[in-house]
2 protein chains.
Amino acid sequence: MLSLTEENYLKAIYHLSDGGTKSVLTNEIAESIQTRPASVTDMVKKLAVKNLITYEKYYGVKVTKHGKSEALTIIRKHRLWETFLVEKLGFDWGQVHDVAEQLEHIQSPLLIEKLDEFLGYPAADPHGHPIPDKHGKFHVSRQIPLAEATKKKTVARAVKNSSQSFLDYLSKIGIYIGATVQILERMEFDGSIEIMIDGKKKVYISKEASENILVTE
Amino acid sequence: MLSLTEENYLKAIYHLSDGGTKSVLTNEIAESIQTRPASVTDMVKKLAVKNLITYEKYYGVKVTKHGKSEALTIIRKHRLWETFLVEKLGFDWGQVHDVAEQLEHIQSPLLIEKLDEFLGYPAADPHGHPIPDKHGKFHVSRQIPLAEATKKKTVARAVKNSSQSFLDYLSKIGIYIGATVQILERMEFDGSIEIMIDGKKKVYISKEASENILVTE
DNA sequence: TATAAAGTTTAGGTTAACCTAAAAAAATAT
DNA sequence: ATATTTTTTTAGGTTAACCTAAACTTTATA
Ligand SMILES: [Mn+2]
Ligand SMILES: [Mn+2]
Ligand SMILES: [Mn+2]
Ligand SMILES: [Mn+2]
């Protein structure tokens, strides 16, 4: 069984590795988890002993099969709780992340199965992120950042950034998961774009914002 | 803000003090929390510095006003979560305690208010224990152990012991919160009693069991 | 290729929450 | 009242998870 801290490290490493595909460096982990590189080195050795990652001194870590499965369990819990908070308790999609950050560490396989059932086995969380099933399986449709879309008409499917401030901003301008987004014009000089939301509302959004909205064409 | 450990100590002390009325000794705390007396002495000093209890060397601790209010918040959370698990997720009343023991430490005032609302502001948890409101207020009707009841006909209102094994036993013989319990006969030699549940089922229960069922006459 | 810069690890400390063993105080028994 | 037992505290360690500063390794630059 993993400690809360070990779980947070493992989840961070998994996310940074793009689902276990690439290896992750000490400084990236330190940055993402808000600790010092020296602390990361300590923890990374512990996780390697537990067979959750492989660690090659100076060259970073890779997530093992076992580590991937543990990470996906934590992510599953995180996203199920976020879904619960929004769907059942009426939280705003920008309010759920920090609470889910705590709830994801509750240890009870029964709880998570019952919660999943209660929510009707959702496929995605309020941010459009896929929820792994109890075996760690999930499906993602081909999503691209709005910034890279070539077709004029797209549908918002997920956000890349789940921060309160970004989600509050999206809500304010009227973007939500499932909204249709038409690209009206790209500004040459700063990459900002003019879009039409649900065929009704025209707004300008920055390049930065458009990179954090994932769409299907 | 309190650590998880501090919260567990404070809650244990509050329970042992009968709602803040009497003072609590080091060994009682150690016993209840499954630690060594020396560890209790350490923690008790910390809690005293934080003004949650008063500590008189060799004579035990008392819960302060502030400590009582913090303890009641934790108890409120514990009981709301237990109610959620039974009412919404379909847990058995014997399965909830350990999970609630973890959930009670989640830090989010918003979460707990929304959960309370979602549950319809319940007055008691699945074990019949009162749920304090957000100001720490709650009401208990005059409940006595079935072992001490003098009237023939009583109604089960709460359990004194929330262990899985005791609750499984109660379910098995057909006792639940709200069940009517008629006392048919008391056995002189071991204090066991014969009862009729809901006017239908006759069973014998031990003195021990009858001391852990709280009823109103 | 030698040197500088960047990234990482090691060495050595801190704090919270535990522990055992010894010392001290309080309660009980003679 | 004194001696014994019980309870509690103190002293001194351990472990997990952090930290800073110094020592390394790797990578980039001259
Ligand atoms: Mn977390
Ligand atoms: Mn999410
Ligand atoms: Mn607890
Ligand atoms: Mn309860």
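Residue numbering restarts at 1 for every chain, and letters A, B, ... go by the order of the sequence lines.
In this structure, the NZ atom of A/Lys45 is 7 Å from the C1' atom of C/dT9, given to the nearest Å. When the C1' atom of C/dT8 is taken as reference, atom CD of A/Glu31 falls 16 Å away, rounded to whole Å. Put simply, CD on B/Glu56 is 15 Å from C1' on D/dT9, counting in whole angstrom units. Rounded to whole Å, the distance from CE on A/Met43 to C1' on C/dT9 is 16 Å. Note: CG (A/Leu47) to P (D/dA16) measures 13 Å, nearest angstrom. Between the CG atom of A/Asp42 and the C1' atom of C/dT10 there is a distance of 9 Å, rounded to whole Å. Straight-line distance from the CD atom of A/Glu6 to the P atom of D/dC18: 10 Å, rounded to whole Å.
Counting heavy-atom neighbours within 6.0 Å of A/Lys11 NZ, excluding the residue itself, gives a total above 12. Dense packing is recorded around NZ of A/Lys50, with more than 12 heavy atoms of other residues, nucleotides or ligands lying under 6.0 Å away.
Between B/Arg36 and C/dC18 there is no side-chain N or O to OP1 or OP2 distance below 4.0 Å. Within the 4.0 Å cut-off from OP1 or OP2 of D/dT10, not a single side-chain nitrogen or oxygen of B/Thr41 is found. Using a 4.0 Å cut-off, no side-chain N or O of A/Ser3 falls inside it from OP1 or OP2 of D/dA16. For A/Asn27 and C/dT8, the shortest distance from a side-chain N or O to OP1 or OP2 is below 4.0 Å.
Here B/Lys114 pairs with nothing under the salt bridge (Lys or Arg N to Asp or Glu O under 4.0 Å) rule; sequence neighbours left out. Residues that satisfy the salt bridge (Lys or Arg N to Asp or Glu O under 4.0 Å) test with B/Lys134, not counting sequence neighbours, are B/Glu113. Under the salt bridge (Lys or Arg N to Asp or Glu O under 4.0 Å) criterion, B/Glu7 pairs with no residue, sequence neighbours left out. In this structure B/Lys22 satisfies the side-chain hydrogen bond (donor to acceptor under 3.5 Å, both in side chains) test with no other residue, sequence neighbours excluded.
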With a cut-off of 3.5 Å and sequence neighbours excluded, list every side-chain donor-acceptor pair involving residues 83-93 of chain B.
| from | atom 1 | to | atom 2 | distance (Å) |
| --- | --- | --- | --- | --- |
| B/Thr83 | OG1 | B/Arg79 | O | 2.7 |
| B/Trp93 | NE1 | B/Leu167 | O | 3.4 |
| B/Trp93 | NE1 | B/Ser171 | OG | 2.9 |

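Distance from the side chain of B/Pro37 is smallest for D/dT9 among the nucleotides D/dT9, C/dT8, C/dC19. With distances taken from any side-chain atom of B/Tyr55 to the nucleotides D/dA11, D/dT8, D/dC18, the minimum falls on D/dT8.
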Quick test: give all pairs of protein nitrogen or oxygen and nucleotides 25-28 of chain C nitrogen or oxygen below 3.5 Å, distance rounded to 0.1 Å.
| from | atom 1 | to | atom 2 | distance (Å) |
| --- | --- | --- | --- | --- |
| C/dA25 | O4' | B/Tyr58 | OH | 3.4 |

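Among the heavy atoms of the strands lying under 4.0 Å from A/Ser39 is at least one base atom, whether or not backbone atoms are also near.
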